[in-house]
Amino acid sequence: MRIDSERARRTKKRKKIVHYLVCSIIAVIMLFPFYWMLTTSLKTYSNVMKFPPQWWPDPFTLDNYIELFSRHPFLTYLWNSVYIAALVSLGVVFVSSLAGYAFAKIRFKGSNFLFLVILSGMMMPIEVTIIPLFLALSEMNLANSHFGLIIQPIFGYCGAFGTFLMRQFFITVPTELIEAGKIDGASHLRIFNKIMLPLASSTIATLVIFSFLQSWNDYLMPLVLLNDSRTYTLPLGLKLFASEMGVEWNLVMAGATFSTLPMMIVFFFSQRKFMESLAMAGIKG
Amino acid sequence: MRSKSKLYGKDPLWGHTFISPMLIGFIVISLLPIIATFFISLTDWALLNNKVEFIGFENYKKLFSDPLFYKVTKNTLLFTVLLIPSNLVLCLGLASLLKRNFKGVGFFRTAVFTPVITTVVVWGILWKYIFQTDNGLVNTLLSMIDIKGPQWLYNAKLAIPVAVFVTLVKGLGLNMVIFIGAMKDVPDMYYEASEIDGASKLRQFFSITLPSIAPSIFLVTIITIIGSLKVFAQIDTLTEGGPGTSSFVFVYYIYQQAFKYYNFGYASSISAILFAIIVVLTLIQWKMRKRWVYHEN
Amino acid sequence: MKRILSVLLIIVMAASLLSACGGTQAPTQPEGPGASVAPQTGSSGKPTISIAIWGDENRKKTFEELFVAFEEANNCDVVVNLVAYQDYATKLATQLAAGNAPDVVWLADGMEAQFLQSGNLVDISSYVKSDADYNYPDLYESAMAAITDGDAVYGIPFSFGPRVVYVNKTLFDKAGVKSPSEYVAEGNWTYETMYDLARQMTDISKGQYGLKLWDTSSATNYVYAFYDLVLAYGADYFNQDTTDFTLNTPEGIAAVQAVYDAIYKDQSHLKPGDATEFTAGTIAMARSTFSYAKTIKGSNVDFEWEVVPVPKGPAANAPVITGFAYYCVTTNSKNPELAAELVKHMTTTDMMKTMVNTFVAPRASLLNSEEFLQQEGGKPTKDEILSSFVHVIEEQGLRSYPAHKNFSKIQDQITMDFDNYFAGVYSSAEETVKAMEQAVRALLNQ
C-alpha cells in the first residue's frame, strides 16, 4: 500500500516536471519574437543588421528610446490608441448586450431577420466599404476626428460580433428567471440590469478584450480618417518609421516594445482574475 | 398559453427598444456601405476622376473570366484550410496545459498572450525581419546545423504557409483564453465521476471537455474562418501578395484594384463575391451547429 | 463604479444616436485630448492651406518651420498632413474620391501620370512662368516632361537625380582589391567590372556581400530597379511612344540574365528578402539614391565610404533613369491661388538651396551652386558629386518614366514576372522575358 502511494507520488512528480518542461518550451517559442524586438530596440542602427546577428546588444544603448520620444509624440499615439480602444469596447458592450438580450429572449416581429442582417456586418471586408463609409463620414463632418474611429467598430464588425456573442450567451439563461422577474412586476430593462448583466459578466469580459484588440490593431480606418499626426494611433505612428529610404528597424522595435510592454504587464497581473471571471459563467452555449 | 402571451404583452416594444441603438447605428455605419458596395459593383467607377458609369453585370462577367480571380480564391481557401485545424488543435492543447492554476501559470499565459497585444503592423514587420532570406534569424539558426534555409517570403510554395504561421502564432493567445474560460466552467464532478470509472485523461478530454466546450469551439471556428477569408494585414506587410501572385488573397486583390488601380467598381464586385462566400459558409455552419452544439434548443 | 459606468454608457449611446440622425448637426467636437478637426478657416478667420507629405515627424517639423514665412506673408495657416510613405497613395485616393484631398500634395514617380490624366491636378503655369525671379527655364526640361502638357504645368519637381553607387572603401582595402573609383578614373567602370568586383568581394562565411542594387527587404518595383541597367545594355522595356514591349532582344535578355547570375550563380548580390543595409558594413557596393548619403552620415558608420557613378554598359552613353517627386495643386483645393503660391514659394532656387541636403531639385543653377557641392561634413566630396551626379546628367542625359494610362498595371506585371524568375517559377531569362512580352503587350493595347 505504501509502495503504491510512493509510486503514485513519483509519477505525479514526473508528470509535473514534464508539464513544466512543455510549458517552458512553448513560452520560449512564444516570447522569442518579443525578445528579438526588445534586444533590437537596444542596438545601434548599424548593429541591427550585423552578421552573425547579435544575440545581446553590444554596445547596449537607450538612444533609440530617446530618439523615439524626442522625434515623435509617442505618448500621444499610445494614449490615442488606448482611449479609443476603451471607448470602443464600452460602446460595443452597451449596444450589443442590449441587442443580444432582445434577440435571445424577447419575441418580436422580424427578430430573426434583423439578427441575420446585423450578422452581415461581420462578413463584408472593410477594405471596400471604407470608401462609401468615408464619403458618408465626410458629409457628416466626422472625418479627421476620433469620433468616426470610435463609432465604426461599435456598429461594424465588433458590434455585430458582440450581438452574436451576447445572443448566444443569453439563449442559455433559463427563461424561468425572466418569468420570475416578470411576475414580480419588473420591466425588461430592470430584468436586464439586475439579473442578466451580472450573469453575463464573463461573456462581457470576452467581448471587451475582443473589441479592445480589434480597435488596437486597426490600421486602415485610422489611416483613411486621420490627417493630423497628433491624432494618430500607435500603428499609424509606427508606420512612419518606414520611409522611402527603408525601415529604421531599431526605432520601430523601440516603439513596438514600448507599446507592447504595458499591455503585457497589465495582462500578467490581471490574468488570474480574468480567467476566473471568464469561468464564472463561461460561454455555456 | 394565454397567460404567457399576457406576460409577453408589451414585449415587441421592448424588443425594438433594446435593439434600436445597435440597429440604427448599424444601418448607417455598416448596412448602407454594404448596400452601396453592391450598387457600385454594377458600375465602372474610376476612383480618381469620380466618373461613375452604370454597366450592369459587366464586372462580374469580367471577374469570372479573370484567371487571377480563381488563383485568389484558391489561395484564400488554402490559407483558411491550413489555419483552421492547426489553430483549433494548438489552442485546445495550450488551454488544457494552462487551464489549472499552478505556480508560474501567469508567466506562461502571458507568454502565449503577448503576440495578441502586439499590433498587427509590428507583428508583420517583426516576422519579416526574422524570416529574412540569408541573414534572418530562422535561416541563421538553420545554418548552424548546416541547413540552407529557403527564401521564406520569396518562394511561391512557402509564402502562404509562412503567412499562416505568422497569423496562427498571433491569434493563439486570444483563443486559448476563450477555451480556458470555457474549460474552467466544466463542473469538476464530471471528471471525478469518470475518474472513478477509470477513464484516461485523453478519454476525459474527448468525452467530457470537448462536448462541454463545443459552443466555444463553434464560436472560435466561425471567427477564425471569417477572419482568414478576410486576411489582409499580414499578407500586406509580409509578402505584398508576392512572389508574383502566389500569395494574392481576396482582400489583397480588392485592395490592389481599389487603391492601386482605382477600379472601384471591379473591387466592389470582388467584395460582393467574397461577401456571398462568407455568408454561405456561415449559414452552413449555423445550420450544422445543432449537430455538435447540444446546448442550444 | 457602476454609476460611472452607466453614465459613460449613456454618453456613448447619445453620441451614437446623434451621429445616426445627425447629418444636419454642427461639426461634432472631437473627443479627448489630441484630437482636432482641421477647419477650412482657422479660428482667426485666416484661410487655411493643407499640404500632404510623407516622411516622419522630423520632416514635418522642418517643413512647418519653412512655412512660417509664407504664413506671415500671406496671412494664412498651413496645415501639414503627415502620411507614411507606403500608404500615401491609398490615403490620397480615398480623399480624392470624397472630394477633400489636401490643397497641395506631394506626388512620387508613377503617381503623377494617373492623377494628371484623370484631371485631379491644377495648371499652375501662370504662377511660375510669369515671374522672372522664379526663373522657370532654370528647371531641366527633361525633368518637366512628365508633369507638363503643352504650355500647362501641373506640378514642380523637388527631388530627382540618377542613382549612385556607394562603395565600402574599407572592405576593398582590406581585401586588397582595386576599388571602383580607380576604374572610374581609368574610364573602365562598366557593369561587367562591377559584377566581377562583386564576385571578388563576396565572402558568404562572413555574411559579406559584393553588391546590392536595390532595397531587397521588401517587394520592389523592378521596372525602376533595372531601368538603368537595361538601357546600359542597349535594350529598353518599351519603344519610343510606349506602344510596344521591346525587352525580348538578346541585349535585354543579357541584362536580365546578368542580374540573376549575380544573385543566384555568383551569390554576390543580396537575395530578395534580405534587409541588410549598406550601413551594416558588410556590403561592398550598394546602389541607392543620392540622398541615401544622409542616412549613411546619420548612422555614424565605422568604415570609409565613397560615391561613384552607376557603371556604363555596352551602350556607352545610354541615359540614366530618374525618379521624381513633385509638388502639385489638386482640383479639390478651395483656394487654388494660395495653393499655387505655396508651391511656388517652396520651389524657388533659394528655397531649394536650403533643402539641398535632403532633396536635390532639378534646377541647373542649383547643381552648380556651392550649397550643393559643399555637402554637410564635406561628404560626399565635391569631386564625388561632380562625377557621380552632375556629369552623369550632363553627359548621359536623363530619362523620365514612360507614360501610359495602364502604366501601374504594366509595372506590376513586369515586377511579378521578375519575382517569378527569382522565386524559381520561371527557369530562364528567355522564358521570363517572353512571359512579360505576352502579358505586357495585352496591357499596352487595352
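Letters A, B, ... mirror the listed sequences (proteins, then strands); counts begin at 1. Below, each value reflects all heavy atoms present in this structure, side chains not excepted, and no hydrogens, waters or symmetry copies.
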Fill in: Partner set under side-chain contact (heavy atoms from CB on, under 4.5 Å) for A99(A), not counting sequence neighbours
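If we apply the side-chain contact (heavy atoms from CB on, under 4.5 Å) test to A99(A), skipping adjacent residues, the hits are F103(A), T163(A), I19(B), M22(B).
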
Above 12 or not: heavy atoms from other molecules or residues under 6.0 Å from [atom1] of [X]?
X       : atom1 : result
K174(C) : NZ    : no
E304(C) : CD    : no
K60(C)  : NZ    : yes

Worksheet item: If you measure from OG on S229(A) to CG on D56(C), what distance do you get to the nearest 0.5 Å?
Response: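 Atom-to-atom, S229(A):OG and D56(C):CG are 10.0 Å apart.
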
Worksheet item: Say you draw a straight line from OH of Y232(A) to CG of L82(C); how long is it, rounded to the nearest 0.5 Å?
Response: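 One gets 5.5 Å once the value is rounded to the nearest 0.5 Å.
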
Measure distances from [X] to the heavy atoms of chain C and classify the residue's part below 4.5 Å as side chain, backbone, both or neither.
X       : result
T44(A)  : neither
I84(A)  : neither
F241(A) : neither
F74(A)  : neither

Chain A contact via [X] - side chain, backbone, both or neither, heavy atoms under 4.5 Å:
X       : value
T295(C) : side chain
T289(C) : side chain
T216(C) : neither
N100(C) : side chain

Discussion item. Can you give me the closest heavy-atom contact between V83(C) and L240(A), atom names plus distance?
Written reply: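 So the two residues come closest at C-CD2, 3.9 Å.
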
Worksheet item: Between K239(A) and A84(C), which heavy-atom pair has the shortest distance, and what is it?
Response: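 Taking K239(A) first and A84(C) second, the nearest heavy atoms are O-CB, 3.6 Å.
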
Worksheet item: Residue by residue, which of residues 127-138 of chain A have a heavy atom closer than 4.5 Å to a heavy atom belonging to chain C?
Response: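 Only I131(A), F134(A), L135(A), S138(A) of residues 127-138 of chain A have a heavy atom under 4.5 Å from chain C.
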
Discussion item. I need the residue from G298(C), S50(C), A98(C), S218(C) with the largest number of non-hydrogen atom pairs under 4.5 Å to chain A.
Written reply: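 Looking at each of G298(C), S50(C), A98(C), S218(C) in turn, A98(C) comes out on top.
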
Item to complete: Mind ranking K91(C), R59(C), E277(C), Q208(C) by heavy-atom pairs under 4.5 Å with chain A and telling me who comes out on top?
Response: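 Sorted descending by pairs with chain A, the first entry is K91(C).
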
Item to complete: With sequence neighbours excluded, tell me which residues meet salt bridge (Lys or Arg N to Asp or Glu O under 4.0 Å) with E248(A).
Response: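 R71(A).
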
Item to complete: Find the one option among N47(A), V48(A), L220(A), L226(A) whose heavy-atom pairs under 4.5 Å with chain C are most numerous.
Response: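 Most heavy-atom pairs within the cutoff with chain C belong to L226(A).
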
Worksheet item: Please, which pairs that meet salt bridge (charged side-chain N to carboxylate O under 4.0 Å, His left out) have at least one residue in residues 205-218 of chain C, sequence neighbours excluded?
Response: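 Sorted result for residues 205-218 of chain C: D203(C)-K206(C).
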
